[in-house]
Amino acid sequence: MAPVSTIAEIGKHEGQAVTIRGWLYNLRESGKLLFPQFRDGSGIIQGVVPKNAVTPEVFEAVKTLTQESSVIVEGKVRADKRAPGGYELDVANVQVLQRVPESDPYPITPKEHGTDFLMEHRHLWVRSQRQAAILRARAEIIKAARDFFDERGFTLTDPPIITPAACEGTTTLFPVDYFEEQAFLTQSGQLYVEATAMALGKVYSFGPTFRAEKSKTRRHLTEFWMVEPEVAYAQLDDIMELAEGLITFIVKRCLERRHADLKTIGRDISKLEKIEPPFPRISYDDAVKNLQEGHAKGALETKFEWGGDLGSPDETYLSAQFDKPVMVHRYPAKVKAFYMEPDPQRPELALCVDVLAPEGYGEIIGGSQRMASHELLLQRIHEHGLPEEAFKWYLDLRKFGSVPHGGFGMGIERAVAWICGLEHVRETIPFPRMLYRLYP
RNA sequence: UCCUCAGUAGCUCAAUGGCAGAGCAUCCGGCUGUUAACCGGAGGGUUGUAGGUUCGAGUCCUACCUGAGGAGCCA
């Protein structure tokens with residue numbers, strides 16, 4: 001048998017016989033000439049089978065192949081201008097491992113389908129070129145995020161997924177029966193990385209988080225992945241700089257290594273090429289002014305009042321004014337989590353930042369400087385009606401060598417949706433978990 | 001939880017209250033350079049469910065179910 005090659009690397013074997021192991025993507029025919037397209041997970045290549053060039057058995061085997069039948073194909077690699085990938089395969093032999101019967105054909109045809117149908121067949125949909133390209137981009141984004149932190153002296157520390165208490169409200173928690181006790185799936189690893197940051201200085205976590213929010217929008221999943229750095233002695237400005245550096249690094253990495261996939265997905269790459277530091281930084285106060293001007297101009301339906309959290313249309317309006325992610329900092333403490341450090345200049349504000357992606361993709365990062373004072377943190381826990389007992393360990397961090405520190409969480413799926421230019425986050429993860437969708 | 005929209009062949013969609021249709025997929029036939037190939041033919045229907053109005057309902061009304069988009073909330 002000829003040496004095995006992936007389709008992505010087939011150019012290295014030009015003029016030679018190779019073996020491709022994969023599936024039939026599509027078959028076109030023109031009389032005594034067959035054009036089977038094979039895919040193997042790395043790419044797609046068109047085979048050419050003239051009737052007079054192969055045995056009758058091979059011709060018949062290819063002619064009767066059905067979509068997604070598994071095949072091992074031997075043939076000679078030939079450069080061809082007409083081929084989208086630059087190469088074609090002159091097929092010499094075909095071994096059919098499993099032929100999909102025409103009585104029960106592969107349901108996803110090369111024509112268009114609706115979202116419901118595609119989601120029901122997500123286990124097969126991931127075989128489509130575009131979906132495979134998105135999953136490769138996701139893998140690159142995750143690797144880039146990890147490389148960014150690994151190369152800067154951060155230690156990966158994995159927080160627990162089963163947790164005893166909420167770090168924010170309890171209505172959005174998935175309960176778990178933990179032997180005799182009530183436990184929950186984690187909403188964020190943040191509180192735990194604060195603990196490991198006090199041990200190791202610079203840490204990050206990467207893992208799944210769960211939120212039982214009844215949100216049904218293009219930006220929400222009930223199960224999503226976050227990367228959460230936490231840095232001892234870091235202040236708000238350090239956190240903003242870190243977020244800016246991370247986003248820039250990830251985008252550049254995708255442009256370098258996943259250029260072909262971004263093109264397959266149909267991303268406007270020029271928009272990503274503009275992502276360079278510094279990102280615009282605007283205070284909440286200025287954001288409010290900006291939104292009120294937007295309302296006066298008729299661009300926003302409701303007039304935004306100081307004191308509220310930014311709504312989705314507000315975020316879209318703000319981010320549309322920039323071609324880079326925009327960092328909105330110092331929100332009113334009341335609308336933010338209990339653990340955020342107040343601004344010493346204006347204690348009604350929290351030292352926090354939200355990073356809004358361009359093109360209406362919304363908040364991709366939320367972060368803050370964390371509260372360092374034991375006394376104030378205890379007071380906030382009480383004000384939020386949280387059980388002090390559950391946070392005893394967290395309060396300990398402020399008793400034993402408390403320091404200024406901070407960090408943020410970046411939602412992987414939203415970052416992938418933005419970088420790939422997708423309509424919906426459901427395409428950014430192999431098997432999305434959403435409100436009203438648990439299958440497959 | 002609320003608002004809006006949709007549900008007809010395996011898929012994507014048509015059908016003024018008056019005979020249930022097309023393209024793709026599947027099957028049969030044709031074509032030696034096709035690019036979601038094309039051309040000819042065939043099979044394929046409990047119009048989401050339950051009621052109601054009407055001589056007559058895919059179409060109008062009511063309720064429910066399912067899905068989509070959005071709000072709130074969030075990454």
Side-chain angles (χ1 to χ4, degrees), chain A residues 25-37 44-53 59 64 66-68 78 80-85 88 90 100-121 125 128-130 168-169 171-172 187-190 208-228 243 301-302 308-316 335-337 354-357 360-367 408-418 423-426 428-429 434-437:
Chain A
Y25 193 68
N26 197 12
L27 174 67
R28 286 184 285 262
E29 53 181 304
S30 181
K32 295 177 180 64
L33 192 54
L34 307 177
F35 299 101
Q37 286 182 299
I44 290 183
I45 191 167
Q46 173 164 282
V48 183
V49 190
K51 189 165 190 177
N52 60 18
F59 188 81
T64 57
T66 44
Q67 201 189 349
E68 287 301 316
R78 175 172 44 75
D80 194 306
K81 294 198 284 280
R82 292 167 294 194
E88 285 191 337
D90 288 322
V100 176
E102 39 283 275
S103 59
D104 189 10
Y106 185 72
I108 301 177
T109 69
K111 292 280 182 182
E112 58 184 320
H113 300 279
T115 32
D116 187 33
F117 179 80
L118 290 169
M119 289 309 299
E120 285 291 318
H121 295 86
W125 188 23
S128 305
Q129 264 185 293
R130 179 182 155 85
E168 286 154 51
T171 52
T172 61
Q187 287 186 302
S188 162
Q190 186 210 306
T209 52
F210 307 86
R211 298 199 186 167
E213 291 163 3
K214 297 221 168 175
S215 299
K216 225 175 91 62
T217 80
R218 68 185 68 191
R219 299 179 307 279
H220 287 87
L221 299 174
T222 53
E223 177 182 301
F224 65 99
W225 292 65
M226 276 210 288
V227 60
E228 296 179 279
E301 270 187 42
T302 50
D309 204 351
L310 266 54
S312 180
D314 305 318
E315 288 182 356
T316 304
V335 299
K336 289 289 177 184
D354 281 357
V355 182
L356 310 180
Y361 281 93
E363 186 183 344
I364 51 171
I365 282 179
F408 61 80
M410 183 179 80
I412 294 295
E413 287 74 18
R414 285 194 187 171
V416 175
W418 163 53
E423 280 294 302
H424 199 298
V425 287
R426 65 183 157 225
T428 63
I429 186 167
M434 296 180 290
L435 184 65
Y436 308 134
R437 195 174 286 284

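Letters A, B, ... mirror the listed sequences (proteins, then strands); counts begin at 1. All values derive from a computational prediction rather than experimental measurement.
- For the pair A:Met410 and A:Glu88, nearest-nucleotide mapping onto RNA chain B gives the more 5' position to A:Glu88.
- Comparing A:Thr66 and A:Glu423 by the nucleotide of RNA chain B whose heavy atom lies nearest to each, the residue mapping closer to the 5' end is A:Thr66.
- Taking the side chain of A:His113 as heavy atoms from C-beta on, and the options B:rG70, B:rU12, B:rA75, the nearest nucleotide is B:rU12.
- Below the 3.5 angstrom threshold, one finds a donor paired with an acceptor across the side chain of A:His220 and the base of B:rC74.
- Evaluation of atom-type donor-acceptor distances gives a pair under 3.5 Å for the side chain of A:Gln46 against the base of B:rU34.
- At whole-Å resolution of the value, CZ in A:Arg130 and P in B:rA36 are 16 Å apart.
- For A:Glu315, the listed nucleotide lying nearest its side chain is B:rC74; candidates were B:rA36, B:rC74, B:rU26.
- For A:Ser215 and B:rC73, a side-chain-to-base donor-acceptor distance below 3.5 Å is present, hydrogens and geometry of angles not being considered.
- Of the C1' atoms belonging to B:rC13 and B:rA9, the separation is 11 Å, rounded to the nearest Å.
- With hydrogens and angles left out, the side chain of A:Arg28 and the base of B:rC31 share no donor-acceptor pair within 3.5 Å.
- Listed by first then second residue, pairs satisfying salt bridge (Lys or Arg N to Asp or Glu O under 4.0 Å) with a partner in residues 101-118 of chain A read A:Arg99-A:Glu102, A:Asp116-A:Arg437, not counting sequence neighbours.
- A donor-acceptor contact under 3.5 Å is formed by the side chain of A:Asn52 with the base of B:rU32.
- Taking the side chain of A:Lys111 as heavy atoms from C-beta on, and the options B:rC24, B:rC73, B:rU32, the nearest nucleotide is B:rC24.
- The A:Glu102 side chain lies nearest to B:rC27 when the options are B:rC27, B:rC74, B:rA68.
- Across B:rA14 and B:rG30, the matching P atoms stand 36 Å from one another, rounded to whole Å.
- Distances were taken from every side-chain heavy atom of A:Asp116 (C-beta onward) to each of B:rC74, B:rG67, B:rU1; the shortest belongs to B:rG67.
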What pattern of brackets, bars and dots sums up RNA chain B from 5' to 3', given Watson-Crick or G-U wobble pairs under 3.5 Å, [ ] for crossing pairs and | for another strand? (((((((..((((....[..)))).(((((.......))))).....(((((..]....))))))))))))....

